[in-house]
S.K.: 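Below: one structure in structure tokens.
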Amino acid sequence: MLATPPDYDVLIVGAGISGIGMAAHMRMKAPGHSFAIVERRENLGGTWDLFRYPGIRSDSDMHTLGFDFEPWRHEKSIADAPAILEYLNRIVDERGIRQHIRFGQKVIAADFRPDEARWHLELETAEGTRSRVTANFLYLGSGYYDYDEPYDPGFQLGAFKGQVLHPQFWPEDLDYAGKKVVVIGSGATAVTIVPSMAETAGHVTMLQRTPTWMASRPAKDGFANFLRKILPEQLAYRITRAKNIWMQDFVFKTARNKPEKVKENLRKGLEKAMGPDYDKAAFTPPYNPWEQRLCLVPDADMFNAINAGKASIVTGHIEAFEETGIRLKSGELIDADIIITATGLNMAVAGKIAVSVNGEAVDFAQRFYYKGCMFSNLPNLAVVFGYLNASWTLRADINSDYVCRVLNEMRNQGVDTVTPVLTPAMEAAIEEDDIYDFSSGYIQRAKHLQPKNGVNYPWRLNQEYVADRKLMAKDPVDDGILTFTRAGANAKTPDEQLEAAE
């Protein structure tokens, strides 16, 4: 072993759901390992602290968006950002995690040096001050989208005399009382903003190019709230979580296998919420349910705003932005005092960190996922990319648990490097698969950046939590692919590791 140990056994990037979850799992399952969380912002929470637009809430139930180890106690299972932040803050305080978070530190570069078995990371503050830190293992909980630059569809906004803003950069003092607001977009963000702003604005119009499939459900989970009254908290949470996981899986698979049946059920839900004369064209997309993420409308809030005349939906293509609003190609002018461009996000790989090994840049698009957690021939690094068809935290939990098992196995074997080795011969035999078979714009725009996926496990990022949970928990860590080595006299270069694996 090297005479001087790294600063930390594990460096976790990001103090959002993924990073906090990893820290909590380490405290429970790998307590002998030191760690730190590096967070670029001044607060924890990630997405739930970054976004400040009206009504921001989860679009998954908190019994699955919550952690497997920490029950969700609020009455509402579709929760707003303050409730989610309260949940996360309670976890970091009760579990002794807060003192391990380094706020205001952005990781800009990470270089793994095999001869030292450690990552050398360069950090930067908002003021531009740089520092360095080393860690044996790197865990990326930095999310999947670009915090700095949301998607820009190239609107020419110069002629518009009102206010224009993007939900990712919401001003604290926005006054929209009595004003005409146009929200461009029809995804989860728009569906959240419209009913919330409609309570105060003069009128809110959701301008969509393409409709989105929407479904209403109560914000409160009556089943969960009843169980909490009659059962111990942990047991009630486990039962509710299992029920909701099963429902997510059932709905998704039914949508893929019997799309017309799901369409019929969604239409019935819309008719129940809005009446038989609702504008069917505005709520009927040209794609099947779950080819894009289904939009959740808790307590039918947006449908109620439309019924009350406080909000409306217009479908059309933008011709131009004029002084007083938006001109559509149909000739219609939508008046606006405020325009909100809820046009989506840009995806980012590895938190936009310049990742390298021995100074050679890592191109993630040329690597295969290993068990949806690590990458082919990339040592001592794991990542969280949550499910597209279920709650993000489901993936975060099983990845954290798995990495803790890997860390413990490394210590048991007395090694300091672990690599999912994929030889050229093995790679040649892999049949590639497109797991990102969602038509959502942000997915399609970033496919060229994403790591590769094989048809068969373990060289893929599965989209099936129930199967993943069993595989990740039961398969041996030392599976013949994950290669354990030690820096120093018996250290092997990546080429030698590949030869040994062959």
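All residue numbers refer to positions in the sequence shown, counting from 1.
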S.K.: Assert yes or no for the condition that the ring centre distance of Phe368 to Phe375 is strictly below 6.0 Å.
M.R.: no
S.K.: Who passes ring pair (Phe, Tyr, Trp, His ring centres under 6.0 Å) against Tyr370, sequence neighbours left out?
M.R.: Trp459
S.K.: Please determine whether the number of non-hydrogen atoms from other residues, nucleotides or ligands lying under 6.0 Å from atom CD of Gln156 exceeds 12.
M.R.: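 Not more than 12 within 6.0 Å, no.
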S.K.: Determine, stepwise, if the pair Ile318 / Ile184 fulfils side chain to side chain contact (heavy atoms under 4.5 Å, CB included).
M.R.: CA-CA 10 Å; Ile318 296 172; Ile184 303 175; 4.0 Å; yes
S.K.: Please find the pair of heavy atoms, one from Ala79 and one from Ile84, that lie closest to each other, and give the distance.
M.R.: O-CD1, 3.9 Å
S.K.: Ignoring hydrogens and geometry beyond distance, is a side-chain donor-acceptor pair present between Asn408 and Arg405 at under 3.5 Å?
M.R.: no
S.K.: Provide the closest heavy-atom pair for Phe160 versus Ala336 in the form atom of the first, atom of the second, distance.
M.R.: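 Residues Phe160 and Ala336, closest heavy atoms: CE1-O, 3.4 Å.
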S.K.: Assess whether a salt bridge exists between Glu264 and Lys258, defined as any Lys/Arg side-chain N lying under 4.0 Å from an Asp/Glu carboxylate O.
M.R.: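 No salt bridge links Glu264 with Lys258.
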S.K.: So if I apply the side chain to side chain contact (heavy atoms under 4.5 Å, CB included) rule between Tyr387 and each of Glu464, Gln463, Gln248, which one comes out positive?
M.R.: Gln463
S.K.: Just grab all the salt bridge (Lys or Arg N to Asp or Glu O under 4.0 Å) pairs involving residues 72-90, residues at least two apart or on different chains.
M.R.: Glu70-Arg73, Glu70-Arg90, Arg73-Glu233, Glu75-Lys220
S.K.: In chain order, what residues pass the salt bridge (charged side-chain N to carboxylate O under 4.0 Å, His left out) check against Lys229, with sequence neighbours excluded?
M.R.: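 If we apply the salt bridge (charged side-chain N to carboxylate O under 4.0 Å, His left out) test to Lys229, skipping adjacent residues, there are no hits.
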S.K.: Go through the structure and list residues passing side chain to side chain donor-acceptor pair (under 3.5 Å) with Tyr465, not counting sequence neighbours.
M.R.: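 Once residues adjacent in sequence are excluded, Tyr465 has no partner under the side chain to side chain donor-acceptor pair (under 3.5 Å) criterion.
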S.K.: Can you name the residues that form a side chain to side chain donor-acceptor pair (under 3.5 Å) with Asn43, not counting sequence neighbours?
M.R.: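 So Asn43 forms no side chain to side chain donor-acceptor pair (under 3.5 Å) with any residue.
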S.K.: Which residues pass the ring pair (Phe, Tyr, Trp, His ring centres under 6.0 Å) test with Phe35, sequence neighbours left out?
M.R.: His100
S.K.: Can you sort out the partners of Lys261 under salt bridge (charged side-chain N to carboxylate O under 4.0 Å, His left out), two or more places apart, ordered by chain and number?
M.R.: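 Expected list: none.
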S.K.: Establish, yes or no, whether a centroid distance under 6.0 Å links the rings of Tyr87 and His74.
M.R.: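 No, the ring of Tyr87 stays outside the 6.0 Å limit from the ring of His74, centre to centre.
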S.K.: Sequence neighbours excluded, which residues qualify as salt bridge (charged side-chain N to carboxylate O under 4.0 Å, His left out) partners of Asp397?
M.R.: Arg241
S.K.: Can you name the residues that form a salt bridge (charged side-chain N to carboxylate O under 4.0 Å, His left out) with Arg98, not counting sequence neighbours?
M.R.: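 Applying salt bridge (charged side-chain N to carboxylate O under 4.0 Å, His left out) to Arg98 gives Asp93.
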S.K.: With sequence neighbours excluded, give me every side-chain hydrogen bond (donor to acceptor under 3.5 Å, both in side chains) pair touching residues 178-188.
M.R.: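 Checked against side-chain hydrogen bond (donor to acceptor under 3.5 Å, both in side chains) - neighbours excluded - the pairs reaching residues 178-188 are Ser186-Thr212.
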S.K.: Output, in order, the C-alpha distance, side-chain angles, deciding distance and verdict of side chain to side chain contact (heavy atoms under 4.5 Å, CB included) for Leu328 and Val314.
M.R.: CA-CA 10 Å; Leu328 302 183; Val314 174; 3.7 Å; yes
S.K.: Heavy atoms only: give me the nearest Val191-Val297 pair and the separation to one decimal.
M.R.: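 Val191 and Val297 have their closest heavy atoms at CG1-CG2, 3.8 Å.
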S.K.: Applying side-chain hydrogen bond (donor to acceptor under 3.5 Å, both in side chains), which residue pairs with at least one partner in residues 194-203 are found, sequence neighbours left out?
M.R.: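 Qualifying pairs: His203-Ser312.
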S.K.: Checking side-chain polar atoms at under 3.5 Å, does Ser60 have a donor or acceptor matched by the opposite partner on Arg293?
M.R.: yes
S.K.: Tell me the closest heavy-atom pair linking Phe169 and Asp148, and the distance in Å.
M.R.: CZ-O, 3.3 Å
S.K.: Which heavy atom of Tyr457 sits nearest to which heavy atom of Lys371, and what is that distance?
M.R.: OH-CG, 3.4 Å
S.K.: Could you give the side-chain donor-acceptor pairs of residues 266-279 under 3.5 Å, partners two or more places apart or in another chain?
M.R.:
| unit_1 | atom_1 | unit_2 | atom_2 | d |
| --- | --- | --- | --- | --- |
| Asp279 | OD1 | Ala281 | N | 3.3 |

S.K.: State whether the number of non-hydrogen atoms from other residues, nucleotides or ligands found under 6.0 Å of Glu94 atom CD is greater than 12.
M.R.: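 Count over threshold, so yes.
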S.K.: Shortest non-hydrogen contact from Met302 to Phe283?
M.R.: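 The answer is CE-CE2, 4.4 Å.
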